[in-house]
Chemist: 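The structure that follows is given in the form of structure tokens.
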Amino acid sequence: MLTGCFAAGDSAATRSGDSRLRVAMMQPPRSGLSPLTDDAFKLSRWSTAETLVRLDQDGDAAPALATGWKQSGKTWTFTLREGVTFHDGTGLTAQSVVTSLTAAASASPKPRILDGVELSAEAVDPRTVTVTTATVDHLVPQRLSSPQLSILAAKAYAGRTVNPVGAGTGPFELVKVNGTASATLERYEGYWGGKAKAAGIDVKFVPDGTARAAALRSGEADIVEAVPVSQAGLLDEKLITEVPMPRTNTLYLNTASGPFKDAGLRAAARQAIDAGKIVQSVYEGRADVAQGLLGPALPWAAKLRQGVARTPAAEPGGAEITIGTYTDRAELPEVAQILQQQLQAVGFKVKLDVREYANIEADALAGRFDAFILSRATVLDSGDAAAYLFSDFASKGSFNISRLADAGVDQALTAASETAVGEGRRKAVIDAEAAALATDAAVPMLHERVIQGDAQGVSGVAHDPRERELVTIDTYVK
Amino acid sequence: MRAGLTRAAALAAVLTVVGLLPWLSGKDPALSLLRAKSAEQEPTPEALAAIRADLGLDAGPLGLLGRWAAGLLRGDLGASWVSGTEVLPSVAAGLQVSLALMGAALVVALLVATALVVPVLIRGRGTSGAFAAMLTSVPEFLFSTVLLILAGVGLGWLPTSGWAGPAHVVLPALALGLPAGGLLGRLVAEALPPVLDERWAHLWRGAGVSHPRVALGALRRVAPPLAGQFGMVAVGLSGGAVAVETIFAIPGLGRTTLGAVKSQDVPLLQGSVLALLALGLLAGAVASVLRRRLLGPALREAGLTLPAPRPLKVPAAIPVALGVVLAGLIGCGLLRDPYTIDTAARLAAPSGAHPLGADALGRDVLARLGHGAAATVGTAAVVCLLGYVIALALGFLPNLATGLADIANALPPVLVGVLVAAVLGAGAGGAALAVALVSWPSLTAHAAALVEEIRASRFLLAQKAIGASPAWILTRHVLPSVAVPVARHAVLRLPGIALALAALGFLGLGAQPPSPEWGLLLDEAADYVERAPVAALAPAVALALLAALTVTLSAYTGPRRAGHVRLRKKTSSGAL
């Protein structure tokens, strides 16, 4: 009788001799695993849905479902790989690519990778697709690497929502989704790139960090996503891997109103902050002290970076400030309390306002705080940092919590956005970073690492700073 | 009939308010939905406009509400704004899981309650209630984490998370059932001694009726006013199980509701709330039928007698000892510095410098306990008192009160918190108001049940016959019979209130760090239970001591004038 009440999670393993992987993931699916939302990253982490292009280690575009591409003005032409079949048996054609890309481009809202981009796709012949943007866009191949632009079989688009069950092209087929509890994947024998080493994947969604770490310790999971710092110390160091994330914990200072309108006080705040202490205590050394806004996940940044022109600090003299932050990242409330003490030590009077992100974002964007601590992703799906710098520091930026309006910064940011991909763009991005830092509108404190737990005997797991890959064709457990 | 109308009106009002949530909160639903779909996406005007157009948000709150109501009549609960999937199947799935969990937790609760009640029945005397109060005061999330670490990781007996078979039910059912059982067991144990001392009990024993039969008779005698409480606790175990559902990764209705509230997914929220309220009303109706069956025709014929309210016999040594320990703890803490961060002492084990260890920021836990006591106890006591006053006032309108209480009890506290935050904005007072709004129903239902029985008592009929004025009857007879049991009940809920206050912190309601308020301490330490058990469990122990102290002290409340008791005793006779 009771069995009807449970999610049928423990499906019988296929008897092929190979073992299945048990994965504990953090966020449960929010939208039935539609690739047009954040759920897309789950599809790519399970190697079930694939994109035309993938990013290599350096963030450059590499072939995936497309084997080659070339640009001609606003139009990019992509050649599709031969012999690719969807999990439902149908073949990959130019038309399936057009269907998937059109669904994404006309979704409401559009996937974030297409923010501000008008994109249309057309089938030239069964193996060739052209992608055209409204303005010249150097980043089209990088954009198409976003899991949100995964190519799925036509059947995925039949209903009101996009349903990826049995519709991907990857080495694992998604066969069952139990709401927010679990998901089951089986090896897809017809995969174009060979045969996966694992027979299947049993995914469990465990939102609580303690419970997730416990799943690894009790042997209930082979791979555990995002182990919180508070639990990492309890795990065998051999079982965890720290991966630098393109994510910066930054203190944004309100340049439009309140005490931090004064550049001297902003400089005083910057000098007062001892990020090393925060890294050592709150993060237990499992983070990197920030040198700039872009961290070690973008290795090129440190090589290009030069000194920043700094404003001299003024005397805080008891200036009263309110720092806002949120609880969704467990470490931030602790960071806020250390900052409070560090700023009070140099003469600020500090109040804290800590809520959940959903309840504080609007106030932060409206400039209701003098300072706001944010854990910010610096490169989104395209692997390009210019978009983040623009939205956070341009006077027209859509995420300008510092309310910065500085002509010099705007100029540097525009230059970075318009430079073609490559070394030149990287240099322009670093110049823009220096311009933004010179205003002290934001104090980068540290770069987080994501801690992944892999049980003994698991090999071939991806440790991907972009959190796009996890289980690959080579992953297996002894 | 009137009671039915009240319920329908209250139901409609709640669903309307829920439907208006995004407009009440002033938070753009398009932004909340964008965050739910894509956490890091820039909220560009373009993206927000696309969401509004897609969902038809431009129809305005009333237009949407009308559309939803029309759909409801056709049995269509609409589609979730976030996922685009039908609401009905997701709510049905969540409800099924929640009911299974509730059933298991209720079994645990009944076992615990039995264990607390049996000693009273055997000895025929009351117990101090200290143990039950301590059990009730333990936060469910702490029980969950400790059970998960001990039974899941340490012993490896049971799975740590998931919902795939009977083994997955055990730990969450224990975490939910132990505190609930403590509460129910205490309510029964507290009501029993006066009943066991009634004339019929002595007569039965004298006539050679077996001990178990007398015990059963006594249980039957105390059951009617408490039947509603069992129903309410059961309902609370489904909608209010969010913390336990999250820790054990159980896809229940509590989590569904919380997710819907956070992303302002109105259709899903309306569906979940509808299910919870229906459950609340159903449980209320079942409890009411049960109560009437237990009371039998006596209710109509005014043939009831209520057990005399009187102080319980608790040895003074118990509250004195508890008080000394607690006062010592707080006193020592007050002499120390609760705020200075010392990162070198992070999670330090107890030592001379830090007798109870240090928290994650190296602050002295003993100091934080001491400095947080006044704020914690003060706010909780005020909220508790407010709930008590409301309960006494509404209790005299049983028809109105029980319906409202059933509905209010079924609302998850977090939803009420969100609504309060929406109307008042973030602030310290909001949490108190929100918790007051959810803490009155159980007390009110208790009071209403007692009032109804007193009004139907033979004793009052006699009073009226000899010409006692209504005011005399109310203040001399009805009020004392209601006030004392409900007051003891209110005290039993005090620690729960202190925890509920802290649980709303994520909305910006209530205490903010670095305040050493106890609920906040528990919350901050939850991640470190295993690494710094003393520091993490100290606030829970302090809360348990407080709970035990208040409950044992409350045993001394009640009319002390011997004459009154004797008078009431004379009138007692077997209602059975």
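Lettering of chains follows the sequences in order, A, B, ..., and the numbering in each one begins at 1.
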Chemist: Quick one: NZ on A/K277 to CD1 on B/I341, what's the gap to the nearest 0.5 Å?
Modeler: 9.5 Å

Chemist: Do you see a donor-acceptor pair shorter than 3.5 Å between the side chains of A/Q280 and B/R346?
Modeler: no

Chemist: Could you give the distance from CD (B/Q512) to OG1 (A/T322), rounded to the nearest 0.5 Å?
Modeler: 10.5 Å

Chemist: Is the backbone of A/S230 close enough, under 3.5 Å, to the side chain of B/R531 for a donor and an acceptor to pair up by distance?
Modeler: yes

Chemist: Among B/T343, B/D342, B/L347, find the one that has a side-chain contact (heavy atoms from CB on, under 4.5 Å) with A/S281.
Modeler: B/T343

Chemist: Check each atom of A/Q337 against the heavy atoms of chain B and say whether the ones under 4.5 Å are side chain, backbone, both or neither.
Modeler: both

Chemist: To the nearest 0.5 Å, tell me how far A/R30 CZ sits from B/S83 OG.
Modeler: 9.0 Å

Chemist: I need the contact set between residues 146-155 of chain B and chain A: heavy-atom distance under 4.5 Å, sorted by residue number.
Modeler: B/L148, B/G152, B/V153

Chemist: Answer with side chain, backbone, both or neither: which region of A/P111 has an atom nearer than 4.5 Å to a non-hydrogen atom of chain B?
Modeler: backbone

Chemist: Any side-chain heavy atom of B/I51 sitting closer than 4.5 Å to one from A/S108?
Modeler: no

Chemist: Please tell me if the side chains of B/P43 and A/F399 come closer than 4.5 Å, counting only heavy atoms from C-beta onward.
Modeler: yes

Chemist: Is it the side chain or the backbone of A/I278 that comes within 4.5 Å of chain B heavy atoms, both, or neither?
Modeler: neither

Chemist: Are any non-hydrogen side-chain atoms of A/P109 and B/L34 less than 4.5 angstrom apart?
Modeler: yes

Chemist: Using a cut-off of under 4.5 Å for heavy-atom pairs, which of A/G219, A/G209, A/S218 has the most such pairs with chain B?
Modeler: A/S218

Chemist: With distance as the sole test, does B/Q41 use its side chain to make a donor-acceptor pair with the main-chain N or O of A/K110 at under 3.5 Å?
Modeler: yes

Chemist: With only heavy atoms counted, which part of A/A221 is less than 4.5 Å from chain B, the side chain, the backbone, both or neither?
Modeler: neither

Chemist: Evaluate the side-chain proximity of B/P514 to A/Q340: yes if any heavy-atom separation is below 4.5 Å, no if none is.
Modeler: yes

Chemist: Quick one: does B/K37's side chain have a donor or acceptor within less than 3.5 Å of a partner on A/S31's backbone?
Modeler: no

Chemist: With rounding to the nearest 0.5 angstrom, report the OH to CD distance, B/Y339 to A/Q344.
Modeler: 11.0 Å

Chemist: Which atoms of A/S34 come close to chain B, meaning under 4.5 Å heavy atom to heavy atom: side chain ones, backbone ones, both, or neither?
Modeler: neither

Chemist: Side chain, backbone, both or neither: which part of A/E284 has an atom under 4.5 Å from a heavy atom of chain B?
Modeler: side chain

Chemist: Only one of B/T160, B/I247, B/D527 forms a side-chain contact (heavy atoms from CB on, under 4.5 Å) with A/T210, so which one is it?
Modeler: B/D527

Chemist: Considering only heavy atoms from C-beta outward, does the side chain of B/S161 approach that of A/R212 to under 4.5 Å?
Modeler: no

Chemist: Checking heavy atoms, do the side chain of A/E334, its backbone, both or neither come under 4.5 Å from chain B?
Modeler: both

Chemist: For the CG atom of A/D208 and the OG1 atom of B/T145, what is their distance to the nearest 0.5 Å?
Modeler: 6.5 Å

